[in-house]
Protein chains: 2
Amino acid sequence: MNVLIIDDDQLVSASLKIILESDPMIQVTGVGNSGAAGVNLYMKLKPDILLMDIRMDHMTGLDAAELILKDDPNAKVLFLTTFSDNEYIIKAFQIGAKGYILKQNYESIIPALKAVFVGQRVFGDEIISKMPSFKSSRQPQTLTRFDLSEKEVEIITHVAGGLSNKEISETLFLSEGTIRNYISVILEKLNLRDRTQLAIFYYKNT
Amino acid sequence: MNVLIIDDDQLVSASLKIILESDPMIQVTGVGNSGAAGVNLYMKLKPDILLMDIRMDHMTGLDAAELILKDDPNAKVLFLTTFSDNEYIIKAFQIGAKGYILKQNYESIIPALKAVFVGQRVFGDEIISKMPSFKSSRQPQTLTRFDLSEKEVEIITHVAGGLSNKEISETLFLSEGTIRNYISVILEKLNLRDRTQLAIFYYKNT
DNA sequence: ATGAGGATGTGACATTTGTCATCTATGAAT
DNA sequence: ATTCATAGATGACAAATGTCACATCCTCAT
């Protein structure tokens, strides 16, 4: 089984290579350190599996995978991720990745690779809770799972309603600056970048 | 790794046992042929993994698994299924199963077991298309109701994926200014004000 | 060839957004 | 009464966003 490794942290990709090659079934046929390199190397090497970091500078693993899958829909892309990447993970499956592995969890990489190799999809427990179709059976309310205050949740719903900071401030009788501050800490808490991602997050979790 | 096999077809469970025990890491600590037996044996043996057929007389694998998981939420239940069982599969995940394996696909059983053993969930491609949240991720037909070009729709999906203009431009190999222009006219056409409202619009219409 | 139309790019600009450090008021808790 | 925490406000700032007018190309039909 030929594997291509893409991770912009050289240390990670090097140790991955060692770990994987400890298994006689696996050969690492290439190592790259950027999304662009991932695309090029994949096209050139056509490995059985592409093992790629999700978060990379310039071109994220997602972008690279999207390009690759557009060209070769049968590509088997397995993502590496830290556990906070939940939003990316959803995206990963939407574009057709075969799974992901938590970086913390090195001993699970080889079994996961093999499972993907024989055509399975592989992922951890966390993602289940992120799936709108499954969430209903477990938790009644989703946003309160995170340590968000009442007010923060209220503000999120307004953002998800498409209101600007000014409009929210007028609705809640607070200053616009205060709203900005609130949103800033909400984004921090949820590990998101901007209000658009927040609105998306809201719809995916409600 | 201790495995309990439950299948009401004795032929299947016997051959499974042989297949699994060909791997030195695996011991089959029990074999049963009904859902009820599955519950009892599981309680008694506490195997690492319960490999169980979904369709069985009297008590289905699902019912058995539900009982087991109620008693031991950490139980690792892996279902065997024929490919036509799709409705059951959804249910399987809702009750907390770790995955399923197609019966046609014997060579994938061992990798799948190992992946589950180290904490992954495992399933095949088909289920993806059954998930409401992923079903429409590729081609939002509803958007074409509006007079949007192919490219405009593509850009909308990226906005709804939470990407910034810069990221979109890099993905599509266009300049950031062009993306801004596109979004500007999209907003005009759809009578929206900003990208957040656009993302919301997307999720409400797909 | 020529001109229309589409797709793409550029530069300028006003706004909005997100971040941060800091401040004030209020209301517990001691 | 003093301390402390919390909600809210402010101002400054950089970055992202949306708008617009205009400039290039390219292709295609005439």
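Bear in mind the structure is a predicted one, so any value in this text is a computation, not a measurement. Letters A, B, ... mirror the listed sequences (proteins, then strands); counts begin at 1. Atom set for the values below is all heavy atoms of this structure, side chains included, hydrogens, waters and symmetry mates excluded.
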Nearest-angstrom distance from the residue atom [atom1] of [X] to [atom2] of [N]:
X	N	atom1	atom2	value
A:R180	C:dT22	CZ	C1'	15 Å
B:E188	D:dG18	CD	P	14 Å
A:I179	D:dT10	CD1	C1'	14 Å
A:F173	D:dA7	CZ	C1'	17 Å
B:R193	D:dT19	CZ	P	11 Å
A:E152	D:dG8	CD	P	11 Å
B:I168	D:dA16	CD1	P	13 Å
B:L198	D:dG18	CG	P	9 Å

Donor + acceptor pair across side chains of B:T178, B:N181 (<3.5 Å): no
Partner of A:H158 under side-chain contact (heavy atoms from CB on, under 4.5 Å), chosen from A:N165, A:L172, A:I183, A:I179: A:L172
Contact nearer the 5' end of DNA chain C, comparing B:K151 with A:V185: B:K151
Shortest non-hydrogen separation from B:L192 to B:L198 and the atoms involved: CD1-CA, 3.7 Å
Touch class at under 4.0 angstrom, heavy-atom based, for [X] against every strand present:
X	answer
B:K166	nothing
A:N181	base
B:S164	sugar-phosphate

Note: A:E176-A:R180 ion pair, threshold 4.0 Å (strictly below): yes
A:D194 and B:R195 ion-paired at < 4.0 Å: no
[X] side chain, from C-beta outward: closest of [options]:
X	options	value
A:S175	D:dA9, D:dT17, C:dA7	D:dA9
A:D194	D:dT17, D:dG18, C:dT8	D:dT17
A:T178	D:dG8, C:dT8, C:dA12	D:dG8
B:Y182	D:dT17, C:dA7, D:dG8	C:dA7
A:L174	C:dT8, D:dG18, D:dG8	D:dG8

Any A:N165 side-chain N or O less than 4.0 Å from OP1/OP2 of C:dT17: yes
Side-chain N,O (B:R195) to OP1/OP2 (D:dG18) below 4.0 Å: yes
